[in-house]
Number of protein chains: 2
Amino acid sequence: MATATISTRQNIRLTAQKLFRERGYAAVGMRELAKEVGIEAPSIYNHYKSKDDLLREICSDIAAQFFKAFEGVDADEKSATKKLRAAIKGHISVIANNLEASSVFFQEWMFLEEPNLAQFKKQRHEYELKFRDIIDKGIKKGDFKPMNIKLVTFTIFSALNATYDLYRSNERLTQDQIAEDMANLLLKGLKS
Amino acid sequence: MATATISTRQNIRLTAQKLFRERGYAAVGMRELAKEVGIEAPSIYNHYKSKDDLLREICSDIAAQFFKAFEGVDADEKSATKKLRAAIKGHISVIANNLEASSVFFQEWMFLEEPNLAQFKKQRHEYELKFRDIIDKGIKKGDFKPMNIKLVTFTIFSALNATYDLYRSNERLTQDQIAEDMANLLLKGLKS
DNA sequence: TTGAGACAAACAAGTGTTAGTTTGGGAGAG
DNA sequence: CTCTCCCAAACTAACACTTGTTTGTCTCAA
């Protein structure tokens, strides 16, 4: 049994994810974060340039995972329904495997400072377009009924991104159950 | 043309809603709030006991509106589908008529301090139960297909509560369009 | 003249961050 | 095997503000 000894850097990162999610980025101080890690506040700066840098790392890591999960989804022979189902499942699996970090990603990104904030928004928009594109083509091919694409995309994302809370609830739902049920619910609403 | 002269108190409240939504409760200081209102920070304390008190008023006002909007929805002769549709429309209309305040309600409630926080959670749970109850009965009567109720309720709420962002988007969607389309999308997914 | 509401000044505590210093363990030389 | 030297990573102390809030005073309409 290999008990992985995690580095101080990893420790800071994991603790930050936990605290930022529990109490919000702005409400968590460097001293509090350091205390939870078991070091003093200035020691954090041996590993991260700034508080913003820490948030940036958390957010951009999750962003990268979303893009990675989408790879292969858009293979051209598949139907719009199959593509969207695969995209939904990939998205949910990233959340499920990064509960704390993805929650920070969705709730605290607004605290990113300026070069990072713009970069974040650009990437998120790009990712959103991938989903919208599937729906758009699905409507045009007649797989989905004509609907306001923006509304549909928003609905799907907000449903998916709240998955975090589901895992925390008392009922034991597996990732597969959640992904399956949610994909069914949303896809049925789209079908023409 | 009655140009309504609003009181300083109302002014503080409205400005707080706007700033809390834009930048987050924790990130907005009393001096910044005061400046935006056009007064000095200590003057706020002539109208509100504390920063927490201000957040509490915003949140509990919205909570009351959600309960009010639900009145009459649960009349017994209606089908589960009709009830849920009415509940969804009522919920969305509260959001639509209180864009800033409802956004604060959903995103910043976690910063409430202790007696208020517990009260908030209790009320929210109560409200959630009303929705869950409709779905539960709908499944038992065969109107809806059997699904995990918690998952369904979460999906519906997260879709509804993100409505805020839709209004802000470039496309012009009316409240009725949003309510109608979203209710259709979600109800179709539920139907047995 | 009373009272509401604005104010400046100040409080204690907390903010992110920097400077300068100490510590401990590993590499290389004798 | 020991003795330097080095460097990462921890530390203490402090900086320059900012935080929410209180106190006491002044103003002005009723």
Side-chain angles (χ1 to χ4, degrees), chain A residues 4-60 104 107-117 120, chain B residues 4-60 104 107-117 120:
Chain A
T5 313
I6 65 171
S7 69
T8 304
R9 192 172 202 279
Q10 285 173 312
N11 209 334
I12 293 170
R13 162 90 174 267
L14 292 172
T15 309
Q17 289 175 357
K18 195 188 74 177
L19 291 182
F20 290 170
R21 191 206 55 82
E22 283 173 0
R23 329 230 336 276
Y25 175 80
V28 175
M30 295 303 263
R31 281 164 246 263
E32 184 191 358
L33 170 56
K35 189 166 201 172
E36 190 86 359
V37 174
I39 57 178
E40 296 297 318
S43 303
I44 295 174
Y45 292 83
N46 287 324
H47 304 277
Y48 288 94
K49 291 207 320 285
S50 62
K51 196 186 178 188
D52 183 61
D53 185 38
L54 194 40
L55 180 60
R56 199 222 73 246
E57 188 177 286
I58 296 169
C59 289
S60 64
V104 171
Q107 313 260 21
E108 315 295 332
W109 61 266
M110 53 156 63
F111 295 106
L112 284 168
E113 284 163 27
E114 214 14 287
N116 301 330
L117 182 58
F120 175 93
Chain B
T5 313
I6 65 171
S7 67
T8 304
R9 192 173 203 280
Q10 285 173 311
N11 209 335
I12 293 170
R13 161 90 174 267
L14 292 172
T15 309
Q17 289 174 358
K18 194 188 75 177
L19 292 181
F20 290 169
R21 191 205 56 82
E22 282 173 0
R23 329 230 336 273
Y25 175 81
V28 174
M30 295 302 263
R31 281 163 247 263
E32 184 190 357
L33 170 56
K35 189 166 201 172
E36 191 86 359
V37 174
I39 58 178
E40 295 298 318
S43 304
I44 295 174
Y45 291 84
N46 288 324
H47 304 277
Y48 288 94
K49 288 207 323 286
S50 63
K51 197 186 178 189
D52 183 62
D53 186 38
L54 194 41
L55 180 60
R56 198 222 73 247
E57 189 178 285
I58 295 169
C59 288
S60 63
V104 171
Q107 313 259 22
E108 314 294 331
W109 62 266
M110 53 154 65
F111 295 105
L112 284 168
E113 285 163 27
E114 213 16 285
N116 300 330
L117 182 59
F120 174 93

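Proteins come first, then strands; the chains are lettered A, B, ... in the order of their sequence lines, and each starts at number 1.
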Would you list the protein and nucleotides 22-30 of chain D atom pairs, both N or O, that sit under 3.5 Å from each other?
none

Extract from the structure each pairing of a protein N or O with an N or O of nucleotides 2-4 of chain C at less than 3.5 Å, listing the distance.
none

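One finds the CD atom of A:Gln17 at 9.0 Å from the CD atom of A:Glu57 (value rounded to the nearest 0.5 Å). The structure places CG of B:Leu54 at 7.5 Å from CD1 of B:Ile44, a figure rounded to the nearest 0.5 Å. Going from atom CD1 of A:Ile12 over to atom OH of A:Tyr48 covers 6.5 Å, rounded to the nearest 0.5 Å. If you take CD1 on B:Ile6 and CG on B:Leu14, they are separated by 5.0 Å, rounding to the nearest 0.5 Å. Atom CG of A:Leu117 sits about 10.0 Å away from atom CE of A:Met110, to the nearest 0.5 Å.
For A:Asp53, the side chain to side chain donor-acceptor pair (under 3.5 Å) partners are A:Arg56, not counting sequence neighbours. B:Arg21 is linked by a side chain to side chain donor-acceptor pair (under 3.5 Å) to B:Tyr164, counting only residues two or more places apart in sequence or in another chain.
Using a 4.0 Å cutoff on non-hydrogen atoms, the parts of residues 21-39 of chain B near DNA chain C are B:Arg31, B:Ile39, ordered by number.
The distance between atom NZ of A:Lys51 and atom P of C:dT18, rounded to the nearest whole Å, is 15 Å. B:Glu40 places its CD atom 15 Å from the C1' atom of D:dT21, with the value rounded to the nearest Å. Distance A:Leu55 CG to C:dG16 P: 13 Å, rounded to the nearest Å. Atom CG of B:Asp53 is separated from atom P of D:dG20 by 15 Å (rounded to the nearest Å). Rounded to whole Å, atom P of D:dT19 lies 12 Å from atom CD1 of B:Ile44. Residue B:Leu54 contributes atom CG, which lies 13 Å from atom C1' of D:dG20 at whole-angstrom precision.
Remark: B:Ser43 is in phosphate contact with C:dC7, judged by side-chain N or O atoms under 4.0 Å from OP1 or OP2. Proximity of A:His47 to the phosphate of D:dA10: a side-chain N or O atom is located under 4.0 Å from OP1 or OP2. An OP1 or OP2 oxygen of D:dG20 is reached within less than 4.0 angstrom by no side-chain nitrogen or oxygen of B:Ser50. B:Thr8 has no side-chain polar atom (N or O) that falls below the 4.0 Å cut-off from OP1 or OP2 of C:dG5.
A:Tyr25 contributes no side-chain N or O that, together with a main-chain N or O of A:Trp109, makes up a donor-acceptor pair within less than 3.5 Å.
Considering all non-hydrogen atoms of both residues, B:His47 and B:Thr8 come closest at NE2-CG2, 3.8 Å. Here the closest non-hydrogen pair linking A:Asn11 and A:Thr15 is O-OG1, 2.7 Å.
The base of D:dA8 lies outside donor-acceptor range of the side chain of A:Asn46, with no N or O pair under 3.5 Å.
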List, one per line, each side-chain donor-acceptor pair under 3.5 Å for residues 27-41 of chain A, sequence neighbours excluded.
residue : atom : partner : partner atom : Å
A:Glu32 : OE1  : A:Arg23 : NH1          : 2.9
A:Glu32 : OE2  : A:Arg23 : NH1          : 2.2
A:Glu36 : OE2  : A:Lys18 : NZ           : 2.9

